[in-house]
*Asks:* 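Starting off with a structure, shown below.
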2 protein chains.
Amino acid sequence: MSAPSTPRRSTKQRDAVATELASEPTFRSAQDVHAALRASGSPVGLATVYRALQGMVEDGAADALRTGDGEVVYRRCSQGHHHHLVCRECGRTVEVEGPTVERWATRVAEQHGFHDVSHTLEVFGTCDRH
Amino acid sequence: MSAPSTPRRSTKQRDAVATELASEPTFRSAQDVHAALRASGSPVGLATVYRALQGMVEDGAADALRTGDGEVVYRRCSQGHHHHLVCRECGRTVEVEGPTVERWATRVAEQHGFHDVSHTLEVFGTCDRH
DNA sequence: CTGTATGCAAACATTTTGCATAAGC
DNA sequence: GCTTATGCAAAATGTTTGCATACAG
């Protein structure tokens with residue numbers, strides 16, 4: 001179910017995207033990553049950046065989430081289930097775990113007769129540099 | 001800060017949108033609401049539906065959230081802070097409160113030096129009719 | 001060599017906006 | 001009557017796709 005059905009092929013562009021994404025600990029849009037790559041002399045196509053990022057998400061190498069404006073932003077991510085604490089000023093992101101929340105979500109859902117429970121949770125705030 | 005800077009004017013179209021939204025306890029896209037209104041004989045413009053729904057969100061009369069495909073879906077909502085338990089089969093929605101989660105989010109955020117904390121949380125599952 | 005990956009531009013879907021007209025108060 | 005709301009169509013936005021070519025294995 002989570003095995004890459006398409007065995008990725010390693011290319012200059014994919015590496016560039018992966019490296020660029022790893023270089024910043026914040027969530028960034030595909031367009032941002034594309035611009036950064038261009039700026040640093042890698043003439044990668046925008047569509048390629050989108051495809052590379054989607055591939056990374058499928059492989060669990062990156063996390064995607066949608067901003068309030070409907071942009072999808074990506075971040076290199078550790079494996080496993082976790083949530084994000086994102087600074088709304090600078091975009092700095094901290095990965096957090098919430099066993100409490102996991103349990104709460106499951107329990108509440110089951111009380112209402114729901115099964116196969118999953119959830120999305122993002123915490124926003126202003127970090128201490130602001 | 002949350003006072004409507006633009007004092008809404010009551011019109012046939014806004015009422016129609018509000019009524020239509022209230023008629024179903026599930027999240028629906030602006031396009032769905034628009035189609036439903038057309039079907040029931042209210043020739044409302046799509047842009048008007050968007051504007052009406054946005055107004056309702058501003059006034060706290062509706063809740064908006066983004067689907068996985070990047071569509072914004074709306075639902076008539078009770079006031080106050082709460083979360084949603086959404087059936088991924090039929091879209092049925094239950095409003096839930098989570099004091100536990102609120103506390104957890106605030107605490108974790110503060111531990112990392114964040115303030116002015118807010119969060120988004122949606123729980124998905126399959127309800128007992130499926 | 002065979003088959004993915006890339007790049008470009010065109011296609012797409014959703015949402016927003018400009019402007020003339022209609023309607024609320 | 002003054003001002004906000006509506007409707008239409010056009011523009012904007014962010015993302016995806018078709019197809020010919022380049023490159024990895």
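Letters A, B, ... mirror the listed sequences (proteins, then strands); counts begin at 1. Worth knowing before you read on, the calculation uses all heavy atoms, side chains too, and leaves out hydrogens, waters and symmetry mates.
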*Asks:* Using a cut-off of less than 4.0 Å, is there contact between a side-chain N or O of Gln13(B) and OP1 or OP2 of dG7(D)?
*Replies:*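 For Gln13(B), the contact criterion (side-chain N or O under 4.0 Å from OP1 or OP2 of dG7(D)) is met.
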
*Asks:* To the nearest angstrom, how far is Gln31(B) atom CD from dC12(C) atom C1'?
*Replies:*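 Checked: the CD to C1' distance equals 12 Å.
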
*Asks:* Of all the nucleotides listed (dG7(C), dT6(D), dT15(C)), which has the minimum atom distance to the side chain of Thr48(B)?
*Replies:*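 So the side chain of Thr48(B) is nearest to dT6(D).
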
*Asks:* Taking 4.0 Å as the cut-off, does a side-chain nitrogen or oxygen of Gln54(B) come that near to OP1 or OP2 on dT15(C)?
*Replies:*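 Checking Gln54(B) against dT15(C): no side-chain N or O falls below 4.0 Å of OP1 or OP2.
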
*Asks:* Please classify the nucleic acid contact of Ser29(B) as base, sugar-phosphate, or nothing, using heavy-atom distances under 4.0 Å.
*Replies:*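 No contact at all - Ser29(B) keeps every heavy atom at 4.0 Å or more from the nucleic acid.
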
*Asks:* Does a donor on one side chain sit under 3.5 Å from an acceptor on the other, for His83(A) and His119(B)?
*Replies:*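 Looking only at side-chain atoms, His119(B) and His83(A) do not form any donor-acceptor pair under 3.5 Å.
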
*Asks:* Are OP1 or OP2 of dT16(D) and a side-chain N or O of Tyr50(A) less than 4.0 angstrom apart?
*Replies:*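 No, no such contact exists.
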
*Asks:* In whole angstroms, how far is the P atom of dA24(D) from the CG atom of Asp15(A)?
*Replies:*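 Those two atoms, CG and P, are 10 Å apart.
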
*Asks:* What is the separation between atom CZ on Arg66(B) and atom C1' on dT13(D), rounded to the nearest whole Å?
*Replies:*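 For the pair Arg66(B) CZ and dT13(D) C1', the rounded distance is 11 Å.
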
*Asks:* How many whole angstroms separate atom CD of Glu71(A) from atom C1' of dT15(D)?
*Replies:*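 About 11 Å, once rounded to whole Å.
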
*Asks:* Would you tell me whether Ser78(B) and Glu95(B) have side-chain atoms, one donor and one acceptor, within less than 3.5 Å of each other?
*Replies:*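 Note: Ser78(B) and Glu95(B) side chains meet the donor-acceptor criterion.
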
*Asks:* When the distance from CZ of Arg51(A) to P of dC8(C) is rounded to whole Å, what number comes out?
*Replies:*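 That distance rounds to 11 Å.
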
*Asks:* Looking only at the side chains, is there a donor atom on one of Gln31(B) and Tyr50(B) sitting less than 3.5 Å from an acceptor on the other?
*Replies:*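 Their side chains do contain a donor-acceptor pair, which is all the 3.5 Å distance test asks for.
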
*Asks:* With a 4.0 Å cutoff (strictly under), does any side-chain N or O of Arg14(A) reach OP1 or OP2 of dA5(C)?
*Replies:*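 For dA5(C), OP1 or OP2 has a side-chain N or O of Arg14(A) closer than 4.0 Å.
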
*Asks:* With a 4.0 Å limit, can you tell me whether Ser10(B) has a side-chain N or O closer than that to the phosphate oxygens OP1/OP2 of dG24(C)?
*Replies:*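 Ser10(B) to dG24(C) OP1/OP2: no side-chain N or O under 4.0 Å.
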
*Asks:* Taking only the side-chain heavy atoms of Arg9(A) (C-beta and beyond), determine which of dG14(D), dA5(C), dT6(D) contains the nearest atom.
*Replies:*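 The answer is dA5(C), which lies nearest to the side chain.
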
*Asks:* Can you tell me how far P of dC8(D) sits from CG of Leu46(B), to the nearest Å?
*Replies:*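 These atoms are roughly 10 Å apart.
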
*Asks:* Between Arg88(A) and Ser118(B), is any side-chain donor less than 3.5 angstrom from a side-chain acceptor?
*Replies:*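 Their side chains do contain a donor-acceptor pair, which is all the 3.5 Å distance test asks for.
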
*Asks:* Please confirm whether the shortest side-chain N or O distance from Thr11(A) to OP1 or OP2 of dT6(C) is below 4.0 Å.
*Replies:*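 For dT6(C), OP1/OP2 do have a side-chain N/O of Thr11(A) under 4.0 Å.
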
*Asks:* Can you measure Leu65(A) atom CG to dG14(D) atom C1' for me and round it to whole angstrom units?
*Replies:*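 Computing the Leu65(A):CG to dG14(D):C1' distance gives 15 Å.
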
*Asks:* Considering all heavy atoms of both residues, which atom of Arg38(B) and which atom of Val44(B) are nearest to each other, and what is their separation?
*Replies:*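 That would be NH2-O, 3.1 Å.
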
*Asks:* Judged by each residue's nearest nucleotide on DNA chain C, which is more toward the 5′ side, Lys12(B) or Ala47(A)?
*Replies:*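 The answer here is Ala47(A).
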
*Asks:* For His34(B) and dT15(C), what is the distance between atoms NE2 and C1' respectively, to the nearest whole Å?
*Replies:*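 One finds 13 Å between C1' of dT15(C) and NE2 of His34(B), rounded.
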
*Asks:* With DNA chain D as reference, determine whether Ala52(B) or Val72(A) sits nearer its 5' end, using the nearest nucleotide of each.
*Replies:*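 First, find each residue's nearest nucleotide; the 5'-ward one identifies Ala52(B).
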
